[in-house]
Amino acid sequence: MTSTDTGTVTVTEVGASTPDPGTRLGRLFWVSVAWIVIVTVAAALAPWLPIDDPDAIGGDSGLDTALTAPSWNAWFGTDTLARDVFARTVHGARVSLVVGLVAIVLGLAVGGTLGILAGYVRGAFDRVVTFLFVVLLSFPSLVLAILITSLLDRGLVTIAVTLGVLGIAPVGRVARSATIQYAERDFVRAARMIGSSHRRIIVRELLPNVAAPMGSLALLGMALAIVAEGGLAFLGLSVSEGSTWGKLILDGSQTQTLTDAPWVAFAPIAMLFMTVLALNLAGDRLRRLGDVRTSAI
Amino acid sequence: MGRVVRRTGFAIILLLTVSALTFGAMNLLGDPLFNILGPAAADTTPAGVERIEAARAEYHLDDPLPVRYLRWLGDLVQGDLGVQFSSAGQPPVADLVVERLPRTAVLLVLAQLMATVIAIPWALLAAPRVDSWFDRLSTVSTFLVVALPNFALGVLLKYVFAIRLGWFPQTYTADAPLPDRFHQLLLPALTIALPAAAVYQRLLRDDLVSTLQEEFILMARSKGLSRARILFRHALRPSLFSFVTVFGLTTGALIGGSLVVENIFRIPGLGSAIVEAVVREDFPVVLAIVVVVASVFIVVNFVVDAVYAVIDPRIRR
Amino acid sequence: MAGSGTAHLRDDPNVLVRVEHMVVEFPISGGRVHAVSDVSFDLVEGETLGIVGESGCGKSTTARAVIQMPRPTSGNVFFRGTDLTTLPSEALRQVRPDLQMIFQDPISSLNPRRTVRDIIAEGLRVWGSRGTWTPERIDELMAAVGIDPRYGERKPHQFSGGQCQRISIARALVLDPKVIICDEPVSALDVSVQAQILNLLEDMKERYGVSLMFISHDLSVVKNISDRVMVMYMGKVCEVAGSDDLFARPAHPYTRALMAAIPGRHSDDDDDGVLEGELPSAIDPPTGCRFHTRCPHSQQICKTTEPEIRGIGDGHFVACHFPQVAGVE
């Protein structure tokens with residue numbers, strides 16, 4: 001791995017531990033994708049699935065008691081208000097995934113556009129954008145998120161946009177360096193010789209190449225956004241309405257609850273962990289496939 | 001020498017930009033008058049208006065934003081961060097920062113130390129045995145640890161080591177004797193350190209693996225030097241470059257992590273201070289903590305950059 | 001040598017490209033790189049002009065400046081009478097299809113993410129059909145350059161270097177250009193493949209009536225394909241002549257040194273050994289004739305006065321105070 005004076009970090013896969021680099025995605029990738037799909041579908045269809053109402057005290061039957069251990073009746077047990085933890089975890093995925101998705105789409109759109117333009121145009125525009133990225137990266141990301149949410153409201157959109165802003169600089173840097181790497185190639189010169197407009201060169205020649213590292217970054221970034229939302233939730237600063245994995249874990253981590261009924265926290269922790277792991281693994285495999293040796297830390 | 005001056009200048013420009021942006025956002029998006037007076041800022045009785053006018057004059061709220069920024073910056077440089085509007089008696093923000101910052105700082109330093117102490121031997125064990133069961137297991141565990149968010153890890157560690165095993169206290173007590181407080185910080189520090197250690201191990205291991213394939217290592221080996229000697233005397237130092245860089249960059253993530261972990265273990269550090277301030281809308285406190293934390297981060301990266309120049313002779317000029 | 005002047009420019013009505021006093025300099029920290037210094041030449045319709053010289057002599061920069069990538073620092077480039085150097089960018093874009101280019105690196109020349117058919121047809125998508133080629137005839141064009149049309153949906157990395165250059169040639173031809181600039185098109189290829197690509201270029205030139213500017217560091221490659229050859233050294237023109245004439249009686253000491261370096265070719269003059277000494281800095285080039293620091297025939301005048309290009313008969317021009325030809329002194 002090497003570093004540049006602006007602090008960009010690139011990680012190079014080294015050694016024989018990289019099995020079969022760049023040819024196949026492998027089984028692990030597809031298992032990860034399958035998990036992500038299952039979680040997403042379950043979250044999207046949660047209200048129509050045959051599971052308990054997440055807010056029903058005592059479960060759908062109204063007969064469950066508080067803090068019962070996982071059983072056939074309540075897979076992940078019940079919480080302090082006798083609500084079904086499994087149902088709450090599945091429903092909690094809704095906000096977490098939406099926040100993660102919106103955030104990374106925003107990060108890709110804004111960061112990607114800025115990075116590609118900066119890498120293609122260079123000159124003063126590049127210097128301004130690069131400085132902007134450095135400034136954004138000078139705030140520890142959670143601190144920046146706290147700052148923004150403290151000034152605005154804590155609606156779903158605000159939180160998602162805030163976490164998207166955190167993604168702009170890391171995404172932008174990777175997009176910029178990938179663009180620079182490709183813009184120097186002769187096929188871009190050839191496109192100019194043909195008489196392609198700058199727009200066409202960016203869209204048809206550069207974008208397909210820059211999209212490869214972006215794809216893996218999107219998966220990693222989505223994981224980061226979901227985790228960041230959890231961090232905000234833990235500080236009591238995430239979305240004011242609805243439950244998220246972070247809020248569920250926070251509920252379950254109150255000392256008394258954690259002592260008496262650890263499953264209240266462990267169930268959402270397990271879901272969060274598996275999902276983040278799946279996103280990380282899929283992103284990592286995709287990065288190796290593209291043989292793109294950059295990863296934003 | 002030119003490099004030192006350039007980097008210092010850049011760090012200062014960055015500090016000014018970051019503080020100006022934070023100050024600007026706070027004053028444009030927030031309502032400073034409300035922060036000073038609370039609900040009384042909406043008082044329309046003659047007495048209320050008079051108080052509002054007095055507050056405007058006292059805090060120079062009618063001056064243009066850049067002037068207010070410069071005044072605030074001037075105060076900041078002299079150690080005056082304003083007052084905590086939301087607290088009884090409006091004590092100085094600086095008092096709060098001085099009280100809370102050391103705890104967060106100790107937690108972070110402890111965590112970075114732990115991460116380094118874990119990562120270096122771990123990488124040194126794994127790198128010479130590429131693809132052995134140990135190496136594979138290491139890689140898998142780093143993936144698992146990195147996928148576990150710090151708050152989740154904190155909850156798990158708290159459950160296992162504090163609640164079930166009872167090795168550590170569940171919360172922090174600020175007035176306990178020093179050895180006890182150190183003991184209380186170990187579990188939170190480990191929560192922050194583990195993911196960092198996993199990141200460091202992966203980087204260092206990869207760098208070591210490639211260093212070990214270099215010709216000067218083959219040369220050393222052909223001279224019959226022992227494996228341990230080759231690892232420590234020849235391979236480690238050239239492999240530390242990326243580790244040092246990431247060490248600095250990771251500090252940002254660790255600062256965020258410590259804010260969260262402080263809340264799990266009830267450590268009254270900057271994390272709980274900023275959360276309380278956000279909830280009470282005490283913006284001078286939020287502003288001060290954001291600027292202090294961002295400055296620390298910038299300074300840490302500046303120092304790391306200097307260290308990098310020292311260990312890499314190619315940059316020292 | 002390393003001379004200036006325009007004596008070798010022709011008054012032919014069929015001149016396609018005419019470059020006058022072209023200068024290309026790049027600012028760098030601590031000075032300017034004098035990549036091309038007052039170079040003039042022309043290209044007549046149907047002709048192949050070879051440009052040779054060591055790497056770093058400015059031949060590639062010259063070619064790129066002709067197509068305004070980058071625009072030259074000063075001087076003029078006329079294409080069919082239009083000065084490209086003063087053309088606004090949109091007008092320049094309109095001219096571009098007439099001037100195409102083939103690059104040295106076959107891998108870097110082709111977008112790794114697009115299919116071969118896509119790459120070849122791109123020009124038609126931008127401009128529509130300009131004559132010979134239409135989207136329906138892409139298969140025919142692929143066959144013409146020796147790429148099986150059945151492989152049209154493959155990506156560049158599935159082809160060899162030589163095949164990639166064939167694809168590049170097809171991409172250049174699709175717009176029915178007037179001039180194709182070939183920047184070391186075979187130097188990255190195996191020797192066995194080089195001849196095939198050179199033959200293909202000659203074929204295409206005959207069949208589709210394009211003119212070529214052929215840049216190479218390799219005299220033996222240039223010799224066969226070129227009608228006329230220009231030898232460059234450190235951003236200056238040394239010698240211009242018909243290909244056969246140049247090889248029969250090289251007049252410039254630098255040309256003679258280059259020829260002496262061709263394996264299997266023995267020089268009739270012991271002085272023309274392999275070049276000695278380092279290539280001087282392009283930031284601070286030598287005064288007078290830029291070649292004087294390495295020239296076996298260097299005299300005092302060479303250090304102070306830059307030689308003008310002058311004719312020595314039969315369309316043979318040389319920029320040297322002491323050309324190595326009987327009867328000229």
Side-chain angles (χ1 to χ4, degrees), chain A residues 1-3 5 7 9-17 131 134-135 137-152 223 226-228 230-237 246 249-250 252-253 255 258-259 262 265-266 268-269 272-281 284 297, chain B residues 14 17-18 21-22 25-26 29-30 130-131 135-136 139 143-144 146-152 155-156 158-159 163 170-171 199 203 206-207 209-210 213 241-242 245-246 248-253 255-257 259-260 263-264 271 274-275 278-279 281 283 286 289-290 293-294 297-298 301 308:
Chain A
M1 112 155 213
T2 54
S3 90
D5 61 342
V9 175
T10 56
V11 179
T12 315
E13 294 295 333
V14 184
S17 70
F131 185 69
V134 173
V135 169
L137 289 171
S138 294
F139 294 93
S141 50
L142 196 63
V143 172
L144 188 58
I146 291 172
L147 178 64
I148 300 175
T149 49
S150 74
L151 292 172
L152 306 172
I226 290 174
V227 168
L232 275 182
F234 240 81
L235 299 176
L237 299 178
I249 299 171
L250 178 65
S253 72
T255 306
L258 190 60
T259 312
F266 288 2
I269 285 180
L272 177 62
F273 169 68
M274 304 261 280
T275 308
V276 170
L277 183 63
L279 287 166
N280 283 353
L281 282 174
D284 187 69
I297 299 264
Chain B
L14 207 50
T17 313
V18 162
L21 273 179
T22 314
M26 289 251 136
L29 297 174
V130 170
D131 261 0
D135 185 41
R136 282 163 185 267
T139 308
F143 254 96
L144 297 181
V146 167
L148 199 56
N150 45 34
F151 52 88
V155 171
L156 288 181
K158 183 176 171 179
Y159 179 75
I163 294 178
Q170 295 170 13
T171 51
V199 171
L203 279 175
D206 285 355
D207 276 13
V209 168
S210 59
Q213 288 164 347
F241 299 146
S242 44
T245 318
V246 171
L249 293 176
T250 314
T251 302
I255 290 172
L259 302 189
V260 174
N263 265 36
I264 299 176
I274 195 172
V275 171
V278 166
V279 172
E281 305 200 9
F283 285 153
V286 178
I289 294 178
V290 169
V293 167
F297 187 35
I298 292 171
N301 273 312
Y308 192 88

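A note on names: the letters A, B, ... follow the listed sequences, proteins ahead of strands, and every chain is numbered from 1. Keep in mind that what you see is a predicted model, and the values were worked out from it rather than measured. Values reported hereafter were calculated over all heavy atoms of this structure, with side chains retained and with hydrogens, waters and symmetry mates removed.
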Could you look at B:Tyr159 and say if it's the side chain, the backbone, both or neither that has a heavy atom under 4.5 Å from chain A?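 Both parts, backbone and side chain.
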
How close do B:Val155 and A:Ile249 get, counting heavy atoms only, and between which atoms?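 Shortest heavy-atom contact: CG2-CG2, 4.1 Å.
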
Going through the checks in order, is the side-chain contact (heavy atoms from CB on, under 4.5 Å) test met by B:Phe151 and A:Leu272? CA-CA 11 Å; B:Phe151 52 88; A:Leu272 177 62; 3.7 Å; yes

Measure across B:Val286 and A:Ser150 and return the closest heavy-atom pair with its distance rounded to 0.1 Å.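 Closest approach of B:Val286 to A:Ser150: CG1-OG, 4.3 Å.
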
Interface residue of largest heavy-atom contact number with chain B, from A:Ser253, A:Ala265, A:Gly230, under 4.5 Å: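 Sorted descending by pairs with chain B, the first entry is A:Gly230.
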
Any idea which of A:Val227, A:Leu151, A:Thr149 has the most non-hydrogen atom pairs under 4.5 angstrom with chain B?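 Ranked by contacts with chain B, first place is A:Leu151.
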
Engaged part of B:Leu148 at the chain A interface, taking heavy atoms whose separation is under 4.5 Å: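 Both parts, heavy atoms under 4.5 Å.
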
Least distance between heavy atoms, A:Ser138 atom then B:Val18 atom: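 Looks like CB-CG2, 3.7 Å.
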
Who wins among B:Val146, B:Leu21, B:Ile264 for the most heavy-atom pairs under 4.5 Å with chain A?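 If we count pairs closer than 4.5 Å to chain A, B:Ile264 comes out on top.
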
If you count heavy-atom pairs under 4.5 Å with chain A, which of B:Val279, B:Ile255, B:Leu14 comes out on top?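 So the answer, after comparing B:Val279, B:Ile255, B:Leu14, is B:Leu14.
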
State which residue, out of B:Ile298, B:Thr22, B:Val293, fulfils the side chain to side chain contact (heavy atoms under 4.5 Å, CB included) condition with A:Phe139.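 When B:Ile298, B:Thr22, B:Val293 are each tested with A:Phe139, the side chain to side chain contact (heavy atoms under 4.5 Å, CB included) holds only for B:Thr22.
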
Checking heavy atoms, do the side chain of B:Val290, its backbone, both or neither come under 4.5 Å from chain A?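 For B:Val290, heavy atoms of backbone and side chain both lie under 4.5 Å from chain A.
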
So for A:Leu237, is it side chain, backbone, both, or neither that comes closer than 4.5 Å to the heavy atoms of chain B?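 Contact with chain B involves the side chain of A:Leu237 alone.
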
Go through the atoms of B:Leu144 and report whether side chain, backbone, both or neither lie under 4.5 Å from a heavy atom of chain A.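 For B:Leu144, backbone and side chain are both near chain A.
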
Pick from B:Pro149, B:Ala294, B:Gly256, B:Ala25: which one has the most heavy-atom pairs with chain A under 4.5 Å?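 Counting heavy-atom pairs under 4.5 Å, the top option is B:Pro149.
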
How many angstroms lie between CD1 in B:Ile289 and CD1 in A:Ile146, if you round to the nearest 0.5 Å?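 CD1 of A:Ile146 is found 9.0 Å from CD1 of B:Ile289.
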
